[in-house]
Amino acid sequence: FIFQDPFAALNPRMTVGSIVGEPLWLDGVGRREREERVADLLATVGLLPAHAERYSHEFYGGPRPRIGIARALAGSPKLVIGDEPVSALDVSIQAQIINLLEELKDRFGLPLVIVAHDLAVIRHMADRVAVMYLGEIVETAATDDLFDAPLHPYTQALIAAIPVPKPGARAGRPLLQGDVPSPAAPPPGCRFHTRCPHVRERCRVDHPVPEEAGGRTVACHFWREIAEAGTGPLVAPAASPALTRRLALYRRGRAAGATTVTP
């Protein structure tokens, strides 16, 4: 796991070397081999081997999430799950961590599952997206397909809610009405029916089963009729200008061989 808060997820009483090496210690790796492996992991995420002797409170910004990523890689995982891994970071640090995760994904062939609310980050990082509402997946699709043509009313509402930083760039759409029901006591039928602008009586009674729709799935009784009516907002989010610039600058720096980040 890569946790959301890179500071709270690190034990302040342990050195960075102990934090990153703990999964190896649990696997019974010897001390000398563990120290060598920790040094390699720190270098992999853009830190220096000497940082193993420091404590987490001695770092700020970018190095803290890198420590968490190194720990996640220590056990040679077959799957890495990032729980909002960049939401607590400044935009400039977000760009660094996003690029690092993409590089590690390609380098090690790791399946990477990102849980996030930032749709611009999801579009930048993900190959495939699953949209959830009240604990259930309502739509899955390849990233471009989902953002260019959302089929489920909830996915459409999510994309329509993305602000466009230009007055008059897009006509306003009505917001969803009502409050989100309790996940502990979801409504019968379709869980989205209490807020759906296309709700019908069947939605209140029958629970929709995900249907295949050309390489994607959608859990809605009337998604075909909604798509034919053309009521879905098809405005795809883009990364903010600041994030886009940081991503481009960081990629150029990595291409030029700048692999170490100074804490």
Side-chain angles (χ1 to χ4, degrees), residues 1-118 121-122 124-126 243 246-247 249-251 253-263:
F1 281 91
I2 302 171
F3 297 98
Q4 180 174 1
D5 188 336
F7 186 67
L10 304 176
N11 190 331
R13 299 183 180 182
M14 296 173 65
T15 64
V16 170
S18 298
I19 291 172
V20 177
E22 189 171 28
L24 301 171
W25 174 77
L26 291 171
D27 283 343
V29 177
R31 179 177 178 180
R32 182 177 296 275
E33 183 181 352
R34 189 165 67 245
E35 291 175 350
E36 293 176 354
R37 176 68 174 152
V38 167
D40 289 340
L41 286 166
L42 293 179
T44 297
V45 298
L47 297 175
L48 298 174
H51 293 157
E53 303 302 321
R54 296 192 187 183
Y55 291 86
S56 59
H57 69 268
E58 299 180 62
F59 297 88
Y60 66 93
R64 285 179 184 167
R66 292 170 185 270
I67 297 168
I69 293 171
R71 176 176 58 184
L73 297 175
S76 300
K78 296 181 180 179
L79 174 70
V80 173
I81 300 176
D83 178 15
E84 299 274 8
V86 298
S87 64
L89 306 177
D90 180 79
V91 171
S92 61
I93 306 302
Q94 282 187 11
Q96 297 177 16
I97 300 305
I98 288 171
N99 278 281
L100 174 62
L101 290 172
E102 289 188 322
E103 291 165 10
L104 295 175
K105 180 179 67 173
D106 295 338
R107 177 175 175 180
F108 296 106
L110 278 176
L112 179 62
V113 177
I114 298 294
V115 181
H117 294 87
D118 190 330
V121 170
I122 289 293
H124 181 79
M125 295 186 67
L243 179 57
R246 292 288 183 178
L247 288 168
L249 288 172
Y250 190 69
R251 286 197 190 98
R254 297 288 293 189
T259 57
T260 301
V261 175
T262 304

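Numbers here are sequence positions counted from 1. Given the structure is predicted, the values throughout are model-derived calculations rather than measurements.
When all heavy atoms of E102 and H124 are compared, the closest pair comes out as OE2-O, 3.2 Å. Taking both residues in full, the closest heavy atoms of L47 and P63 are given as CD2-CB, 3.9 Å, listed atom of the first, atom of the second, then distance. Heavy-atom minimum distance, A72 versus I2: CB-CG1, 3.9 Å. Considering all non-hydrogen atoms of both residues, M125 and L112 come closest at CE-CD2, 4.1 Å. Across all non-hydrogen atoms, the minimal contact from P49 to L42 is O-CD1, 4.2 Å. Taking all atoms of both residues into account, the shortest heavy-atom contact from G21 to R34 is O-CD, 3.4 Å.
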Are L101 and K105 close enough, and set up right, to give a side-chain contact (heavy atoms from CB on, under 4.5 Å), and what steps lead you there?
-> CA-CA 6 Å; L101 290 172; K105 180 179 67 173; over 6 Å; no
Verify side-chain contact (heavy atoms from CB on, under 4.5 Å) between F59 and H51, making sure each step is shown before the conclusion.
-> CA-CA 9 Å; F59 297 88; H51 293 157; 3.8 Å; yes
Where do F108 and T44 land on the side-chain contact (heavy atoms from CB on, under 4.5 Å) test, with the steps shown first?
-> CA-CA 11 Å; F108 296 106; T44 297; 4.0 Å; yes
side-chain contact (heavy atoms from CB on, under 4.5 Å) evaluation trace for L79 with V113 | CA-CA 8 Å; L79 174 70; V113 177; 3.7 Å; yes
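Between the CD1 atom in I19 and the CG atom in L10 there is a gap of 4.5 Å [rounded to 0.5 Å]. Summarising the geometry, atom CG belonging to L100 is positioned 10.0 Å from atom CZ belonging to R107; distances are rounded to the nearest 0.5 Å.
In this structure, the side chain of Q4 does not engage the main chain of D83 through any donor-acceptor pair within 3.5 Å. In this structure, E58 contributes its side chain and Y55 its backbone to a donor-acceptor pair below 3.5 Å.
Scored by the side chain to side chain contact (heavy atoms under 4.5 Å, CB included) test, N11 finds R13, M14 as partners (sequence neighbours excluded). The side chain to side chain contact (heavy atoms under 4.5 Å, CB included) test applied to A116 returns E84, I114, I122, not counting sequence neighbours. Remark: D27 engages V29 in a side chain to side chain contact (heavy atoms under 4.5 Å, CB included) (not counting sequence neighbours). Under the rule for a salt bridge (Lys or Arg N to Asp or Glu O under 4.0 Å), the partners of R31 that lie at least two apart in sequence or sit in another chain are E35. With sequence neighbours excluded, the residues satisfying side chain to side chain contact (heavy atoms under 4.5 Å, CB included) with D5 are F7, A8. With sequence neighbours excluded, no residue forms a side chain to side chain donor-acceptor pair (under 3.5 Å) with S56.
Among the candidates L89, I69, I93, the single residue satisfying the side-chain contact (heavy atoms from CB on, under 4.5 Å) test with P6 is L89.
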